[in-house]
Amino acid sequence: MTVFAAEQQFHDAERPLPSHQARLNCRAGLAETTAGVAPGFVQGNLAILPEKYAAAFHRFCQLNPKPCPIVGMSDVGNPMIPSLGIDLDIRTDLPRYRVWRDGELVEEPTDIVAHWRDDLVAFVIGCSFSFEEALLADDIPIRHIEEKVRVPMYRTNIPCEPAGPFSGPMVVSMRPLKPKDAIRAVQITSRFPSVHGAPVHIGLPQSIGIADIAKPDYGDPVPIGPDELPVFWACGVTPQAVIAAAKVPFAITHAPGLMLVTDLKNKHLAVL
């Protein structure tokens, strides 16, 4: 029996894992940001596509591992991903979803049972919420957690490598940090390449195409102190922008900031 299977068996017998409880809360209708939820457990962004587009999207993720690190995939038509968690059902276990048709956002439901089809493939992509635990453990403050809002995210002018119909710019998430904390954050997050790794940019938001740091494209604005730098990480919302630009007939993603909480442990993602 694997360590993960043993943990599952133990917690099934005693009480749900915090991550499993978070998913049960989503099934019950809780639709709030998952920042700070179930500390210690990996969170993931979601992209669901028809099988016809899945191979090209998988290739896009392989070519762009910073914004799109895959941590799990479903079989075609199967909404369960056992490798990511106990009783995990991709149709119900996120706080909120986004349904896209021909590149247009048409609905933001709290479950996608009515939208599920036998030809769909779900991709779970690493999320920066996972490395935030390591930052907090080193006493580096996380502003959006302090403010109890969603992390601010921005479309940039940093191009992704194209694959099939999928192309477009990288989306980044931002955390304001004092210079000494920014340096330490680079060191810490470099250990977590499967959840975006080190920052892609520090300071000078205009140089990566961000016209107004106070107006994020996704998430919520956060204050930046006069002695702080905006630090930008590649973000798993990138596939949303790319899927929308590709105008595929049908797709489903997560609502930004409202992630899938898995039973994987953040500490197991560290490479050093």
Side-chain angles (χ1 to χ4, degrees), residues 26 31-37 43-49 57 60-61 64 66-69 71 94-101 103-110 112 123-132 142-160 166-177 189 195-197 199-202 205-224 230-248 251-261:
C26 291
E32 298 177 353
T33 178
T34 53
V37 170
Q43 297 196 26
N45 304 275
L46 178 67
I48 300 174
L49 291 160
F57 183 76
F60 177 85
C61 293
N64 298 280
K66 287 286 279 187
C68 304
V71 296
L94 281 77
R96 190 171 297 279
Y97 301 79
R98 286 183 157 187
V99 180
W100 303 82
R101 295 189 185 277
E104 298 293 328
L105 176 61
V106 296
E107 190 178 346
E108 290 191 283
T110 55
I112 54 167
F123 296 83
V124 179
I125 294 166
C127 170
S128 58
F129 288 176
S130 288
F131 66 61
E132 288 179 347
I142 307 295
R143 186 64 39 77
H144 64 272
I145 294 179
E146 294 174 340
E147 299 281 328
K148 295 181 170 58
V149 297
R150 296 176 299 167
V151 64
M153 294 161 274
Y154 306 83
R155 289 190 295 269
T156 71
N157 59 12
I158 303 170
C160 293
F166 302 108
S167 65
M170 184 185 298
V171 175
V172 295
S173 61
M174 187 277 292
R175 293 155 188 81
L177 298 173
T189 57
V195 284
H196 305 306
V200 296
H201 189 75
I202 298 177
Q206 296 88 351
S207 69
I208 57 171
I210 300 172
D212 189 346
I213 197 71
K215 295 180 179 179
D217 296 296
Y218 312 92
D220 301 303
V222 297
I224 302 174
V231 183
F232 301 94
W233 278 266
C235 177
V237 172
T238 300
Q240 291 200 21
V242 169
I243 288 169
K247 298 186 184 300
V248 295
I252 300 171
T253 64
H254 69 291
L258 287 76
M259 310 297 182
L260 173 69
V261 182

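- The distance from atom OG1 of Thr253 to atom CZ of Arg96, rounded to the nearest 0.5 Å, is 12.5 Å.
- In this structure, CD1 on Ile158 lies 8.0 Å from OG on Ser207, to the nearest 0.5 angstrom.
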_From CA spacing to verdict: side-chain contact (heavy atoms from CB on, under 4.5 Å), Val172, Val200_ = CA-CA 8 Å; Val172 295; Val200 296; 3.8 Å; yes
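- At a cut-off of 3.5 Å, with distance as the only test, a side-chain donor of His144 or Glu132 sits close to an acceptor on the other residue.
- Across all non-hydrogen atoms, the minimal contact from Phe57 to Ala47 is CZ-CB, 3.8 Å.
- Between the side chain of His254 and the backbone N or O of Met259 there is no donor-acceptor pair closer than 3.5 Å.
- A pairwise comparison of heavy atoms in Ile125 and Pro239 identifies CD1-CG, 3.6 Å as the closest pair.
- With sequence neighbours excluded, the residues forming a salt bridge (charged side-chain N to carboxylate O under 4.0 Å, His left out) with Glu108 are Arg98, listed by chain and number.
- Inter-residue side-chain proximity for Phe129 and Val151 is flagged as met; some heavy-atom pair is nearer than 4.5 Å.
- A search for side chain to side chain contact (heavy atoms under 4.5 Å, CB included) contacts involving Val242 returns Phe60, Phe166, Thr238, not counting sequence neighbours.
- Looking at Val248 and Ile243, their side chains come closer than 4.5 Å, going by heavy atoms from C-beta outward.
- Considering only heavy atoms from C-beta on, Pro67 stays 4.5 Å or farther from Val171 through its side chain.
- Of all non-hydrogen atoms in Leu94 and Tyr97, the two that sit nearest each other are N-OH, 3.2 Å.
- With sequence neighbours left out, the salt bridge (charged side-chain N to carboxylate O under 4.0 Å, His left out) criterion links Arg150 to Asp220.
- Contact annotation: the side chain of Val237 never approaches that of Asp217 to less than 4.5 Å [non-hydrogen atoms, C-beta and beyond].
- For the atom pair CG of Leu46 and SG of Cys127, the computed distance is 12.0 Å after rounding to the nearest 0.5 Å.
- Using a distance-only test at 3.5 Å, with no hydrogens or angles considered, a donor-acceptor pair links the side chain of His196 to the main chain of Lys66.
- With sequence neighbours excluded, the residues forming a side chain to side chain contact (heavy atoms under 4.5 Å, CB included) with Ser130 are Val42, Val195, Asn266, listed by chain and number.
- For Asn157, the side chain to side chain contact (heavy atoms under 4.5 Å, CB included) partners two or more places apart in sequence, or in a different chain, are Ile208.
- Taking every heavy atom of both residues into account, Tyr154 and Pro216 meet most closely at CE2-CA, 3.3 Å.
- The nearest pair of heavy atoms linking Arg155 to Ile210 is O-CG1, 4.0 Å.
- Considering all non-hydrogen atoms of both residues, Pro95 and Ala31 come closest at O-CB, 3.5 Å.
- For Pro176, the side chain to side chain contact (heavy atoms under 4.5 Å, CB included) partners two or more places apart in sequence, or in a different chain, are Arg143, Met174, Val222, Ile224, Glu228.
- Between atom CZ of residue Phe232 and atom NE2 of residue His201 there is a gap of 6.0 Å, rounded to the nearest 0.5 Å.
- Side-chain atoms of Ser173 do not come within 3.5 Å of backbone N or O of Cys235 as any donor-acceptor pair.
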